[in-house]
*Asks:* 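Can you keep this structure in mind? I'll have questions shortly.
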There are 2 protein chains.
Amino acid sequence: MDDVMVTRTRALKHVQVREYVRTLVDGLEPGAPAPSERELVTRFGVARMTVRQAMDALVSEGLLERMPGKGTFVARPRRGVQRPIGFSEEMQRRGLQPESQTLLSRIEQAGPGVARALGITEGDAVLHWRRLRRADGAPMCLQDSFLNEVLLPGFHQKHMPTSLFDALALRGLRPTWVEDAISAGPATADEAALLEVEEGAPLLRVARRGVCGEVTVEVSRSAYRADRFTMWVQLGEDG
Amino acid sequence: MDDVMVTRTRALKHVQVREYVRTLVDGLEPGAPAPSERELVTRFGVARMTVRQAMDALVSEGLLERMPGKGTFVARPRRGVQRPIGFSEEMQRRGLQPESQTLLSRIEQAGPGVARALGITEGDAVLHWRRLRRADGAPMCLQDSFLNEVLLPGFHQKHMPTSLFDALALRGLRPTWVEDAISAGPATADEAALLEVEEGAPLLRVARRGVCGEVTVEVSRSAYRADRFTMWVQLGEDG
DNA sequence: TAGTGGTCTAGACCACGAA
DNA sequence: TCGTGGTCTAGACCACTAA
């Protein structure tokens, strides 16, 4: 019992140093000097290796930058990796109110394309969820989502308010990595009717595979009204 | 002189250990055990901190995985960050032969949109390069590239065989980070004629800003034939 | 010359996992 | 119980930078 408390509450020294430096440096301009390693050694009464461990963490997370012979300084913020988001968050970022109208929600047998994308066998149970997605009340996107039923028992019983990503997050299955195939094409008659455009109007089509850990959680096909939606992607690191 | 030689050729111990482990582990299945830290200590006759420094590097590059109390093991390969590529490499990856027909290549005064994207002042000199890009001889894309003339003196004199990214790489200005705005829309009459499609046919439009270090090197507007081109993007980390 | 980060040693104790 | 990685010490010498 005591052990647990001690273990849980003991502040590791390198963590203490790390967080001290983090708060010191928070809000400073890039190029501002951080305390030197030996200064931290005397301040915390700790070995230099311990300080280096703390600083290593801050350097590798991109907060600090080492300049041999000169010192350690606040690094300029680096462009990070784009975190995958779903329709709801995408719209909220644009200041639009996402809405969702469920057109279909049922268990189906996976077809060949969906089965391959989900990494399951053709005919396995999948939850197929088709929604007309609006932004500020205007039709924006027609979206078919396919989920591996085995991973999400009872999932389709729940009422989904808006965000599939939020619902997956509650089960610890929010995709951390997605692969999109983006194309363009004319609207079919059905799509045109639902999205309230002319048949043949250009649509932006996105086929997505959403992966969490080692498993593909979601496969979706979305058709966006091209006159209302532009997709933003950032690729690469640093900058 | 001697110092230089010594400095250049001395193999740092942690590097020796790191590379030894890397070759040991190369090609092994994920989950295979790496040598223990104390084993490496005795093998190389170095301190444990030195071994840890070596292993830290391999862990943070995603090659190894530590399991406290168990050991260190080969990590499953993680999905990395997508490196930005240009049209030429994009086509080569698909097994297609990229070709380029320059329609226009001249110095212009930057318009408001291009100036803002390049981070320069309206009216500053930019190199405008308009190309019809083919894959295996078939029209694929109409591309306008705008380059900051100040960054690339004499650049437009050179004959560009195909790849702008390769040419920029030679000057150390290959974009390491890009931002794309992807939309769809109907082909104008001019676009239709060049791309050999009907007027109004759906095109996939990509507005790109290519950044290297702290500067925006390139801004481009591309219009792809939607019947021939699908764009692939991967977002997020790990998997 | 003094201060900085980079590297390295030869130990130590701890919590955890497997046998 | 024994081996593992996690943490930590109290020093050391080096190359580099700036005054």
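Because the structure is a prediction, the values reported are computed rather than measured. Throughout, a chain's letter reflects where its sequence line sits, starting with A, and its residues are numbered from 1.
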*Asks:* If the cut-off is 4.0 Å, is A/T50 near the phosphate of D/dT9, judged by side-chain N/O to OP1 or OP2?
*Replies:*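 Yes, such a contact exists.
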*Asks:* So which of A/R131, A/R221, A/R130 actually passes side chain to side chain donor-acceptor pair (under 3.5 Å) with A/D144?
*Replies:*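 Of all the options given, the one that passes is A/R130.
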*Asks:* Tell me which of B/E39 and A/V15 sits closer to the 5' end of DNA chain D, going by the nucleotide each one is nearest to.
*Replies:*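 Comparing both residues, the 5'-ward one is B/E39.
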*Asks:* Between the base of D/dG5 and the side chain of B/R38, is there a donor-acceptor distance below 3.5 Å?
*Replies:*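 Result: at least one qualifying N/O pair found.
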*Asks:* Report the C-alpha distance between A/R209 and A/T216 in whole Å, list the side-chain angles of each, state the deciding distance to 0.1 Å, and finish with yes or no for side-chain hydrogen bond (donor to acceptor under 3.5 Å, both in side chains).
*Replies:* CA-CA 7 Å; A/R209 191 164 66 91; A/T216 300; 3.1 Å; yes
*Asks:* In whole angstrom, what separates A/M55's CE from C/dG6's C1'?
*Replies:*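 Rounding to the nearest Å, CE of A/M55 and C1' of C/dG6 are 14 Å apart.
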*Asks:* Closest approach to the side chain of B/E37, judged atom by atom: which nucleotide of C/dC8, D/dG6, D/dT9 is it?
*Replies:*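 The answer is D/dG6.
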*Asks:* Measure from CG on B/L64 to C1' on D/dT4 and round the result to the nearest Å.
*Replies:*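 Interatomic distance, CG of B/L64 to C1' of D/dT4: 15 Å.
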*Asks:* Taking atom P of C/dC14 as reference, at what distance in whole Å does atom NE2 of A/H14 sit?
*Replies:*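 About 18 Å, once rounded to whole Å.
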*Asks:* Under 3.5 Å, side chain of A/Q82 to main-chain N/O of B/Q234, donor-acceptor pair present?
*Replies:*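 Here the side-chain-to-backbone pair does not exist.
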*Asks:* Can you check the B/L40 CG to D/dT4 P distance for me, whole Å?
*Replies:*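 Nearest whole value for this atom pair: 10 Å.
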*Asks:* Checking contacts here: which listed nucleotide (D/dA10, C/dT7, D/dG6) is nearest the side-chain heavy atoms of B/P68?
*Replies:*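 Of the candidates, D/dG6 comes closest.
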*Asks:* Send over the distance from B/D56 CG to D/dG5 C1', rounded to a whole Å.
*Replies:*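 Computing the B/D56:CG to D/dG5:C1' distance gives 11 Å.
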*Asks:* Between D/dG5, D/dC8, C/dG6, which one does the side chain of B/T72 approach most closely?
*Replies:*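 Of all the options, the side chain of B/T72 is nearest to D/dG5.
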*Asks:* B/R66 side chain N/O closer than 4.0 Å to the phosphate oxygens (OP1, OP2) of D/dG6?
*Replies:*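 For B/R66, the contact criterion (side-chain N or O under 4.0 Å from OP1 or OP2 of D/dG6) is met.
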*Asks:* Please identify which of these residues, A/E89, A/E218, A/E90, meets the side chain to side chain contact (heavy atoms under 4.5 Å, CB included) condition with A/F165.
*Replies:*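 Going through the options one by one, the only one that passes is A/E218.
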*Asks:* Are A/K70 and D/dA18 close enough that a side-chain N or O sits under 4.0 Å from OP1 or OP2?
*Replies:*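 So the side chain of A/K70 is within the cut-off, an N or O lying under 4.0 Å from OP1 or OP2 of D/dA18.
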*Asks:* Quickly work out the A/M49 CE to C/dG5 P distance and round it to whole Å.
*Replies:*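 That distance rounds to 14 Å.
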*Asks:* Could you give the CZ-to-P distance, from A/R52 to C/dT4, as a whole number of Å?
*Replies:*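 A/R52 atom CZ is separated from C/dT4 atom P by 13 Å.
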*Asks:* State whether A/S36 places a side-chain N or O below 4.0 Å from either non-bridging phosphate oxygen (OP1 or OP2) of C/dG3.
*Replies:*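 Answer is no, no contact under 4.0 Å.
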*Asks:* For C/dG11 and B/R48 - does any side-chain N or O of the residue sit under 4.0 Å from the phosphate oxygens OP1/OP2?
*Replies:*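 B/R48 to C/dG11 OP1/OP2: no side-chain N or O under 4.0 Å.
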*Asks:* Rounded to the nearest angstrom, tell me the gap between atom CG in B/L12 and atom P in C/dG6.
*Replies:*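 Interatomic distance, CG of B/L12 to P of C/dG6: 12 Å.
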*Asks:* Using heavy-atom distances to pick each residue's nearest nucleotide on DNA chain D, tell me which of A/V46 and A/G69 is more 5'.
*Replies:*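 First, find each residue's nearest nucleotide; the 5'-ward one identifies A/V46.
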*Asks:* Would you tell me whether A/R205 and A/Y224 have side-chain atoms, one donor and one acceptor, within less than 3.5 Å of each other?
*Replies:*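 There is no such pair (donor and acceptor under 3.5 Å, judged by atom type) between the side chains of A/R205 and A/Y224.
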